[in-house]
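Worksheet: the structure to be examined is printed underneath.
Throughout, residue positions are numbered sequentially from 1 according to the sequence presented. Just follow the structure's listing: the first ligand is 1, and inside any ligand the first atom is 1.
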Amino acid sequence: MYRVRFHGRGGQGARVASKVLGTAAFLDGYYAQDFPLYGAERRGAPVAASTRISEDPIMERGVIPEPDIVIVMDETLLQDPLTMPVSGLKSGGIVLINTTRSQAEAKAEYKITAQVLTLDITKIGLDMLGMPILSTLAGGVAARIVGLSEESLTAAVKKVLAEIITDRKLLDKNVAAALYCFNAITPAKIELELKTTETIKKKSTVISLPFEHAEVSSPAINATGNTPLRMTGNWRVFRPAWNYDTCTRCMICVARCPDGCILVNEDGFPYTDYDNCKGCLICVEECPTNTLGKMREVHAKKAIGK
Ligand code: SF4
Ligand code: SF4
């Protein structure tokens, strides 16, 4: 059995990625399970999703505490001590990281002992879809690592997206992007212990459900009064960029920012609190004078504390 865990940010599509992978596996003739685990339902909040794939009926349920494969859809999660995407990863397993770093750089930066693959999935999403939604792309790389077929991946993307979008062109772009990602990585050899249900049955007739302690398996508040230490701007794809030449100080951007993170300096000009700006770019859309532009963030930043 392959146990795959996706880690992403709310809005990136981790849940859909796990469903694309599970559906592709089913279409390739395997038993499959896929399901998400949400914390706070907020754009940018950490989200995990899991897929189990097996040649035998799957008797396990619940979160995957010891994955064979981890797909990290947002690099900044690797620095978040409350998320810990690679926790429990089996020796001989694989972690794929969405990053601009090389495999060697990522392995060294994040001190990962398992096999590391890297791909700038965000850039592919921006280039091919025009937006940083990575669901089908992450599903594509996972399908390649697991060893599924292109045909089943294509059919799975079409089936899953047909349930949530009606734009035919966007659906076709997602198929192309998923296949691009599928072919963009070189599959690594996975050295895993194969545990079929036959093995489990020999041990016990009772189904064993994996279980994590509450502080691991659910969102937790570990200390009170720590909200200001949590920098919600650590995960954005774009940041607003200022050019004050045309700013009229109308303050529309200040009023429209949903996170209240545009402040005003002593000269009366607005500026961004980049520690907490989530990169939604509403301010860019709303500015009547085009004072605000956008720049891509490419480097991981600290998740907690300054
Ligand atoms: S992108 Fe603009 S509107 Fe969005 S959170 Fe950042 S400053 Fe606020
Ligand atoms: S909306 Fe544009 S013009 Fe108005 S204060 Fe903000 S940046 Fe300046």
Side-chain angles (χ1 to χ4, degrees), residues 7-16 38-48 72-83 98-100 120-135 137-138 165 170 219 221 225-306:
H7 288 270
R9 300 276 182 186
Q12 283 185 319
R15 181 187 71 82
V16 173
Y38 295 111
E41 291 221 28
R42 168 188 170 277
R43 191 172 182 80
V47 173
V72 182
M73 296 168 66
D74 189 289
E75 184 178 11
T76 61
L77 291 169
L78 288 161
Q79 296 177 312
D80 186 338
L82 295 183
T83 304
N98 172 22
T99 178
T100 56
D120 189 354
I121 301 175
T122 300
K123 182 175 188 312
I124 297 167
L126 292 171
D127 290 349
M128 297 187 72
L129 306 179
M131 60 181 87
I133 295 182
L134 314 176
S135 51
L137 293 73
I165 63 173
L170 184 57
I221 298 173
N226 60 1
T227 303
L229 298 177
R230 182 114 188 127
M231 292 187 212
T232 52
N234 71 318
W235 57 274
R236 63 182 166 247
V237 177
F238 291 106
R239 63 157 54 197
W242 298 83
N243 171 8
Y244 290 112
D245 290 350
T246 52
C247 178
T248 60
R249 294 185 279 188
C250 68
M251 299 300 142
I252 289 175
C253 56
V254 178
R256 292 285 193 269
C257 175
D259 282 26
C261 56
I262 300 183
L263 311 175
V264 180
N265 68 21
E266 55 191 22
D267 296 323
F269 285 99
Y271 67 96
T272 308
D273 164 13
Y274 285 113
D275 283 346
N276 292 294
C277 162
K278 62 185 178 184
C280 66
L281 301 183
I282 289 174
C283 53
V284 178
E285 292 291 324
E286 294 292 328
C287 173
T289 63
N290 296 323
T291 292
L292 284 153
K294 66 178 184 182
M295 292 172 59
R296 181 164 170 209
E297 293 277 17
V298 291
H299 296 297
K301 302 175 78 176
K302 290 178 75 175
I304 288 186
K306 298 207 176 192

| field | atom 3 (S) of ligand 2 [closest protein heavy-atom partner, distance rounded to 0.1 Å] | value | Thr289 OG1, 3.3 Å
| task | Determine, using heavy atoms of Pro258 and all atoms of ligand 1, whether some pair is separated by less than 4.0 Å. | result | yes
| query | Counting no waters, what protein N/O/S atoms lie under 2.8 Å from atom 6 (Fe) of ligand 1? | reply | Cys277 SG
| field | Location of contacts on Thr248 toward ligand 2, heavy atoms closer than 4.0 Å | value | both
| Mind checking whether Asp120 and Asn98 have side chains closer than 4.5 Å, heavy atoms only? | yes
| task | Report the C-alpha distance between Phe269 and Val264 in whole Å, list the side-chain angles of each, state the deciding distance to 0.1 Å, and finish with yes or no for side chain to side chain contact (heavy atoms under 4.5 Å, CB included). | result | CA-CA 5 Å; Phe269 285 99; Val264 180; over 6 Å; no
| task | Verify, without hydrogens or angle tests, whether Gln12 (side chain) and Arg9 (backbone) share a donor-acceptor contact under 3.5 angstrom. | result | yes
| request: Consider ligand 2: state whether an atom of it lies below 4.0 angstrom from any non-hydrogen atom of Trp242. | output: yes
| Nearest candidate to atom 8 (Fe) of ligand 2, where distance is taken over non-hydrogen atoms, out of Cys247, Cys253, Gly268 | Cys247
| message | Suppose we measure from atom 2 (Fe) of ligand 2 to each protein heavy atom; which comes out shortest, and what is that distance? | response | Cys287 SG, 2.4 Å
| query | Ignoring hydrogens and geometry, is there a side-chain-to-backbone donor-acceptor pair from Arg249 to Asp267 under 3.5 Å? | reply | yes
| task | Search all heavy atoms of Ile133 against all heavy atoms of Gly11 and return the closest pair with its distance. | result | CG1-O, 4.0 Å
| task | Considering only non-hydrogen protein atoms, determine which one is nearest to atom 5 (S) of ligand 2 and report residue, atom name and distance to 0.1 Å. | result | Met251 N, 3.3 Å
| query | With atoms numbered from 1 as shown, which atoms in ligand 2 lie under 4.0 angstrom from a non-hydrogen atom of Pro288? | reply | 1 (S)
| remark: Result for side chain to side chain contact (heavy atoms under 4.5 Å, CB included) between Pro270 and one of Cys247, Cys257, Cys287 points to Cys247
| query | Between Pro240 and Met295, is any pair of side-chain heavy atoms under 4.5 Å apart? | reply | no
| Any side-chain heavy-atom pair from Arg296 and Leu126 closer than 4.5 angstrom? | yes
| message | Before you tell me yes or no, could you show the steps for Trp242 and Leu292 under side chain to side chain contact (heavy atoms under 4.5 Å, CB included), namely the whole-Å CA-CA distance, both residues' side-chain angles and the distance that decides it to 0.1 Å? | response | CA-CA 5 Å; Trp242 298 83; Leu292 284 153; 3.4 Å; yes
| field | Heavy-atom pair of closest approach, residues Gly13 and Met73 | value | C-CE, 3.8 Å
| said: Check Asp259 with Arg236, please: is the shortest side-chain N to carboxylate O separation under 4.0 Å? | reply: no
| Can you tell me the protein heavy atom closest to atom 4 (Fe) of ligand 2 and the distance? | Cys250 SG, 2.3 Å
| task | Heavy-atom distances under 4.0 Å are what count here, so tell me which part of Glu286 touches ligand 2: side chain, backbone, both or neither. | result | neither
